[in-house]
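Lettering of chains follows the sequences in order, A, B, ..., and the numbering in each one begins at 1. Model, not experiment: these values are computed from the prediction.
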Amino acid sequence: GAVVSQHPSWVICKSGTSVKIECRSLDFQATTMFWYRQFPKQSLMLMATSNEGSKATYEQGVEKDKFLINHASLTLSTLTVTSAHPEDSSFYICSAKLAGGLNEQFFGPGTRLTVL
Amino acid sequence: GQSLEQPSEVTAVEGAIVQINCTYQTSGFYGLSWYQQHDGGAPTFLSYNALDGLEETGRFSSFLSRSDSYGYLLLQELQMKDSASYFCAVRSGAGSYQLTFGKGTKLSVIP
């Protein structure tokens, strides 16, 4: 099956710093990738939809200047949390959809962000 | 807006059958998916229903009734490893593959 990787798997940073999370589709091309945030014992909340070569589409309430998304190639999307604060601590998960594929999204293993 | 309702927790005995229900209210509907997530792990795809009826994949089956805005996931011959959270998710756009997730049902399988 299709594999999606994320890096790093966990990160601890100081408040005010920026953190970049990478999401890669390893064995397929993904024209569309999705970024989710999941707080403990809660559901996955879609943050933004990332399309290769174009600007990301952000969900209501998600600050695009704080969560910068770049989808520079068909296999890589990055999420940068700028000026992170403790309330940004969460589990960030990306997913990718096969170009022309079925309705299945393939999820990365997630990145646990802790902001001190 | 979009809302999906599913029970927060379910407990069942190993070897038994359990059904997890999901009702939804969405503006637009193109299909209902089910995902499994173990603690600390990534969601993994289980099934997708676009049309009414039952889809069977091994021990897992998923059902959809679009007229009732209702679906369920059926897990048979429960195993301890099935203990996880199960999320229903609605795809609400034709061209968009965005998913809106329910809050998840934590299934605990006991001996």
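The stretch residues 100-111 of chain B places F101(B), G102(B), K103(B) near chain A, each with some heavy atom under 4.5 Å from a heavy atom of that chain. For a heavy-atom cut-off of 4.5 Å, chain A lies close to no residue in residues 61-71 of chain B.
What you find for Q38(A) and F87(B) is that their closest heavy atoms are NE2-CZ, 3.7 Å. Nearest heavy atom pair, residue F91(A) against residue Q37(B), reads CE2-NE2, 4.2 Å. When all heavy atoms of G108(A) and A42(B) are compared, the pair lying nearest together is O-CB, 2.7 Å.
In this structure, V90(B) is a member of the same hydrophobic cluster as I20(B), with clusters built from ILVMFWY side-chain heavy atoms closer than 4.5 Å. The hydrophobic clustering, which links ILVMFWY residues whose side-chain heavy atoms are closer than 4.5 Å, places F60(B) and L51(B) apart. No chain of hydrophobic side-chain contacts below 4.5 Å, direct or via other Ile, Leu, Val, Met, Phe, Trp or Tyr residues, connects M33(A) to L68(A). Linking ILVMFWY residues whenever their side-chain heavy atoms come closer than 4.5 Å, directly or via other members, leaves L74(B) and Y86(B) in distinct clusters. Neither Y72(B) nor V10(B) shares a network with the other; the hydrophobic side chains, linked directly or stepwise wherever heavy atoms of I, L, V, M, F, W or Y lie under 4.5 Å apart, form separate groups for each.
Atoms CG and OG, on L4(B) and S43(A) in that order, are 8.5 Å from each other to the nearest 0.5 Å.
Within 6.0 Å of atom CD in Q19(B), more than 12 heavy atoms from other residues, nucleotides or ligands are found, so the atom counts as buried in its surroundings. The environment of H7(A) atom NE2 is sparse: at most 12 non-hydrogen atoms of other residues, nucleotides or ligands sit within 6.0 angstrom. Atom NZ of K66(A) has more than 12 neighbouring heavy atoms from other residues, nucleotides or ligands inside a 6.0 Å radius.
Of the residues considered (L44(A), T57(A), T32(A), I93(A)), L44(A) shows the highest number of contacts with chain B, using heavy-atom pairs under 4.5 Å.
For Q6(A), no part lies under 4.5 angstrom from a heavy atom of chain B.
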